[in-house]
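Contents: one structure, followed by commentary.
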Amino acid sequence: MSTEDTASTAIGPLDIRRVMAALPHRYPMLLIDRVEELVPRKRIVAIKAVTINEPFFQGHFPTRPIMPGVLLVEAMAQASGVLAVESLGLAGTGKLVYFMAIDNAKFRRPVEPGVLLRIEVELVQDRGSVCKFAGKVLVDGKLAAETSFTAMIADPPKD
């Protein structure tokens, strides 16, 4: 994502069809239900409804269902993927957004079924195809998780 100051007007909401056009992920790995707001090349706010029907709750943990922290990080990464793809007009091109690094991940409270995750991600540094992001997940306005991460926009691997 270049640092050119192009479209900086907020867009949204984006429904699930638009999210799926931006991301290759599908059930059960798609962790973004909709985008509330997206400011190209700056930030995104996405929503995930967490239900008891999520497959990971069967084993994490059967007597006290808690969403795995690694999936909270994945939800932030997927939100950054939507931000990158929408900012650059790459939907439908097959380009992928790959994790390169995760730093300072912190989990503040358990996420249980029946909540809405508010996923907020900000673009911190833009070096073309490599970008740094800062993300957080909130439940009822309270911080559940936060991390900084680096991602790369690239073509999918050749067969």
Please give me the minimum heavy-atom distance between [X] and [Y], naming the atom from each residue.
X	Y	answer
Ala49	Asp33	N-OD2, 2.7 Å
Ala79	Val121	CB-CG2, 3.9 Å
Glu112	Pro65	CG-O, 3.7 Å
Glu37	Arg43	OE2-NH2, 3.3 Å
Ala144	Val139	CB-CG2, 4.2 Å
Leu88	Arg41	CD2-NH1, 3.5 Å

Is there side-chain contact between [X] and [Y], with at least one heavy-atom pair below 4.5 Å?
X	Y	answer
Ser87	Lys42	no
Leu117	Leu138	no
Val73	Phe107	yes
Met67	His60	no
Leu14	Leu38	yes
Leu23	Leu30	yes
Leu96	Ile153	no
Cys131	Thr150	no

Hphob cluster co-occupancy, [X] + [Y], side-chain heavy atoms under 4.5 angstrom:
X	Y	answer
Ile66	Leu71	no
Leu143	Leu72	no
Ile102	Leu123	yes
Phe56	Met76	yes
Val70	Val115	yes

Give the C-alpha distance, both sets of side-chain angles, the deciding distance and a yes or no for salt bridge (Lys or Arg N to Asp or Glu O under 4.0 Å) between Glu122 and Lys132. CA-CA 9 Å; Glu122 179 181 327; Lys132 290 189 177 192; over 6 Å; no

Test Met29 against Glu74 for side-chain contact (heavy atoms from CB on, under 4.5 Å), laying out the working first. CA-CA 9 Å; Met29 283 305 298; Glu74 176 65 21; 4.1 Å; yes

Report the C-alpha separation of Val50 and Leu116 in whole Å, then their side-chain angles, then the decisive distance to 0.1 Å, and conclude whether the side-chain contact (heavy atoms from CB on, under 4.5 Å) test is met. CA-CA 6 Å; Val50 180; Leu116 283 179; over 6 Å; no

Is the ring pair Phe133/Phe149 parallel, tilted or perpendicular, if the boundaries are 30 and 60 degrees?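 Taking Phe149 first and then Phe133, their aromatic rings lie parallel (interplane angle under 30°).
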
Any side-chain to backbone donor/acceptor pair from Ser129 onto Met152? Under 3.5 Å, distance only. no

Value rounded to 0.5 Å, distance of CZ in Phe57 from CZ in Arg64: 11.0 Å

Could you please spell out the steps behind the side-chain contact (heavy atoms from CB on, under 4.5 Å) verdict for His25 and Gln78? CA-CA 9 Å; His25 305 77; Gln78 288 182 22; 3.4 Å; yes

Which residue in the set Ile44, Val45, Ile47 passes side-chain contact (heavy atoms from CB on, under 4.5 Å) when paired with Val35? Ile44

CG of Asp140: more than 12 outside heavy atoms within 6.0 angstrom? no

Carefully, step by step, assess Ile32 and Lys48 under the rule side-chain contact (heavy atoms from CB on, under 4.5 Å). CA-CA 5 Å; Ile32 303 294; Lys48 163 71 176 151; 5.7 Å; no

Salt bridge check: are Asp15 and Arg17 linked by an N-O gap of less than 4.0 Å?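 A salt bridge is present here (some side-chain N lies under 4.0 Å from a carboxylate O).
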
Glu146/Lys106 salt bridge by N-O under 4.0 Å criterion: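 No, this pair does not count.
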
